[in-house]
K.L.:
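Input: one structure, supplied below.
Quick note on labels: first sequence line is chain A, next is B, and so on, each numbered from 1.
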Amino acid sequence: MEPEAAGTLRLMIWNINSLVPTVRNFILKYGSFRGFFEEHSVQIACLQETKMLDDKLTKDLVCLEGYESFWATSREKKGYSGVTTYASTAYSPVKAEADCLGDGESDLDREGRVVLTDHMAFVLVNVYAPNAGERPERPRKDFKCRFLTALKAKCDSLRAKGREVLIVGDLNVAASQRDVHPKFSYEALYSEEENQAMHALLGEYTDVWRHRHPQDTSTYTVWDEKTSARAFNEGLRIDYALCTPGLLAKVVSCEVVQTPPKWSDHAAMVLELRDISPIAAHAPCALSSSRMKRFNDRGQPSVATMFGRKPASKRAAGLEAEQVPGASRKVSKQEGASAAAPESRTRPSATAPGQLDQPRLSAAKTTAPEEQQFQRATQPAQGLIWQP
DNA sequence: CCGTCACGAT
DNA sequence: CGCAACGGC
């Protein structure tokens, strides 16, 4: 396909809290994994907390038609961390690196926390910053601070070479009190060192959402699902897009979109940049091609495995939901019976204006209940949030 | 709360 | 195959 004229690039940034159940939901709602990206017209999707092990990757997840994927997976714990960037072939990066903050030996690079892709017009850094751990000890506070500092150093070096840089993902620090619900005392949330590391980053790279929404103090990106905090919008804004000035000038919009609560404890963000030229066709970069090579053989596990089935050995399984037997059994993190807010608290779950809209697909039977929820939740208006 | 995985029962 | 225990947030 010929490169199109410079157009608007839509990126989605989303901590999905496990890729496999999320893809299962994509397929049920949108007919295919790819269908999710198409439905929302995103050319680049930056996902965090995919929690994939390198050897658990399947062709269905890695080789989406029309997209390339770039993976950082944890080499330490399994079912932990992991970030993935999907890029449509029109924006196929000319270079990509995973877990590249240190010198190759660093413990910062062992947990699947960074995917860096070079899209010519800018370098995209998809990040999942470490959680410091339970207070009061916060055992990984130091690791987290070192990570944030190394992230800045890496981006600074790119910037020193004259590159535009876009850092996206879950940085695990809210920037200020106005980025958290008033019920939280900001001082109690993070240590001085974390704030310093975060503000060093923010000093160099603009928080795009905040830049466009200076007055908004009630839009958050993560909530404690155990306490139904999302229904009361008692959240924090820890997911970001940060960028250099040249890119900031190209920002058309940057919005938090309400993704279905049960799909992840985080909401997604959609960023639009204008005048970003698609990249001329080229061979996939090394990181991408080496991984895809693994999936050239037949007999790879198919998407059916994600529905609790052994790989359909004989069949060339497509991605259509209808073809996936057993789809009606596993409901997983979908809304079965909508998580009702506790009785002690008032108000039902707020309608969510920016909510991702309902699918076009006639979905499996099990999706009927939340199908309605989705439609009900698709409302106009701007103020995402109501106050209790 | 949400996953995953090891385990015992079939 | 279903469920308990556990770990992460």
K.L.:
A/Arg237: which residues meet the salt bridge (charged side-chain N to carboxylate O under 4.0 Å, His left out) condition with it, sequence neighbours left out?
P.N.:
A/Asp179, A/Asp207
K.L.:
Which ILVMFWY residues are connected to A/Val252, directly or by a chain of links, through side-chain heavy atoms under 4.5 Å apart?
P.N.:
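Its cluster partners, ordered by chain and number, are none at all.
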K.L.:
Do A/Glu68 and A/Ser288 pair up side chain to side chain, a donor and an acceptor below 3.5 Å, judged on atom types alone?
P.N.:
yes
K.L.:
Would you kindly give the CG-to-C1' distance between A/Asn15 and B/dC2, to the nearest whole Å?
P.N.:
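For the pair A/Asn15 CG and B/dC2 C1', the rounded distance is 13 Å.
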K.L.:
Between P on C/dC9 and CD1 on A/Ile16, what's the gap in Å once rounded to a whole number?
P.N.:
15 Å
K.L.:
Kindly write out the residues that satisfy ring-ring contact (aromatic ring centres under 6.0 Å, His included) with A/His213, not counting sequence neighbours, or none if the list is empty.
P.N.:
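Applying ring-ring contact (aromatic ring centres under 6.0 Å, His included) to A/His213 gives A/Trp209.
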K.L.:
Salt bridge (charged side-chain N to carboxylate O under 4.0 Å, His left out) with A/Glu272: which residues, sequence neighbours excluded?
P.N.:
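Applying salt bridge (charged side-chain N to carboxylate O under 4.0 Å, His left out) to A/Glu272 gives A/Arg10.
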K.L.:
Answer yes when A/Arg291 and A/Asp54 have at least one side-chain N-carboxylate O distance shorter than 4.0 Å, and no when they do not.
P.N.:
yes
K.L.:
The side chain of A/Asp265 is closest to which nucleotide in this list: B/dT4, B/dC5, C/dC9?
P.N.:
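Shortest atom-to-atom distance from the side chain points to C/dC9.
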K.L.:
Please pick, from B/dC5, B/dT4, C/dC9, the nucleotide with the shortest atom-to-atom distance to any side-chain atom of A/Lys56.
P.N.:
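Between B/dC5, B/dT4, C/dC9, the one nearest the side chain of A/Lys56 would be B/dC5.
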K.L.:
Enumerate, atom names and distances included, each donor-acceptor pair closer than 3.5 Å involving a side-chain atom of residues 117-125 of chain A, sequence neighbours excluded.
P.N.:
from: A/Thr117; atom 1: OG1; to: A/His119; atom 2: NE2; distance (Å): 2.8
from: A/Asp118; atom 1: OD1; to: A/Met120; atom 2: N; distance (Å): 2.9
from: A/Asp118; atom 1: OD1; to: A/Arg163; atom 2: NH2; distance (Å): 2.8
from: A/Asp118; atom 1: OD2; to: A/Arg163; atom 2: NH1; distance (Å): 2.9
from: A/His119; atom 1: ND1; to: A/Tyr91; atom 2: O; distance (Å): 2.8

K.L.:
Report the distance from atom CZ of A/Arg24 to atom C1' of B/dC2, rounded to the nearest whole Å.
P.N.:
12 Å
K.L.:
So which one's nearest nucleotide on DNA chain B is more toward 5', A/Leu53 or A/Glu225?
P.N.:
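Here A/Glu225 is the residue nearer the 5' end.
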K.L.:
Partners of A/Asp275 by salt bridge (charged side-chain N to carboxylate O under 4.0 Å, His left out), sequence neighbours excluded?
P.N.:
none
K.L.:
Look for any protein N or O under 3.5 Å of an N or O in nucleotides 6-8 of chain C and output each such pair with its distance, or none.
P.N.:
from: C/dG8; atom 1: OP1; to: A/Lys77; atom 2: NZ; distance (Å): 3.2

K.L.:
Taking atom C1' of C/dC9 as reference, at what distance in whole Å does atom CZ of A/Arg138 sit?
P.N.:
12 Å
K.L.:
How is the base pairing of DNA chain C summarised as a dot-bracket string, given the Watson-Crick and G-U wobble criteria with both distances under 3.5 Å, [ ] for crossing and | for another strand?
P.N.:
||..||||.
K.L.:
When you get a sec, tell me which of B/dT4, C/dC9, B/dA6 is the closest nucleotide to the side chain of A/Asn131?
P.N.:
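The closest nucleotide is C/dC9.
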K.L.:
Applying salt bridge (charged side-chain N to carboxylate O under 4.0 Å, His left out), name anything that partners A/Glu187, two or more places apart in sequence or on another chain.
P.N.:
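Partners of A/Glu187 under the salt bridge (charged side-chain N to carboxylate O under 4.0 Å, His left out) test: none.
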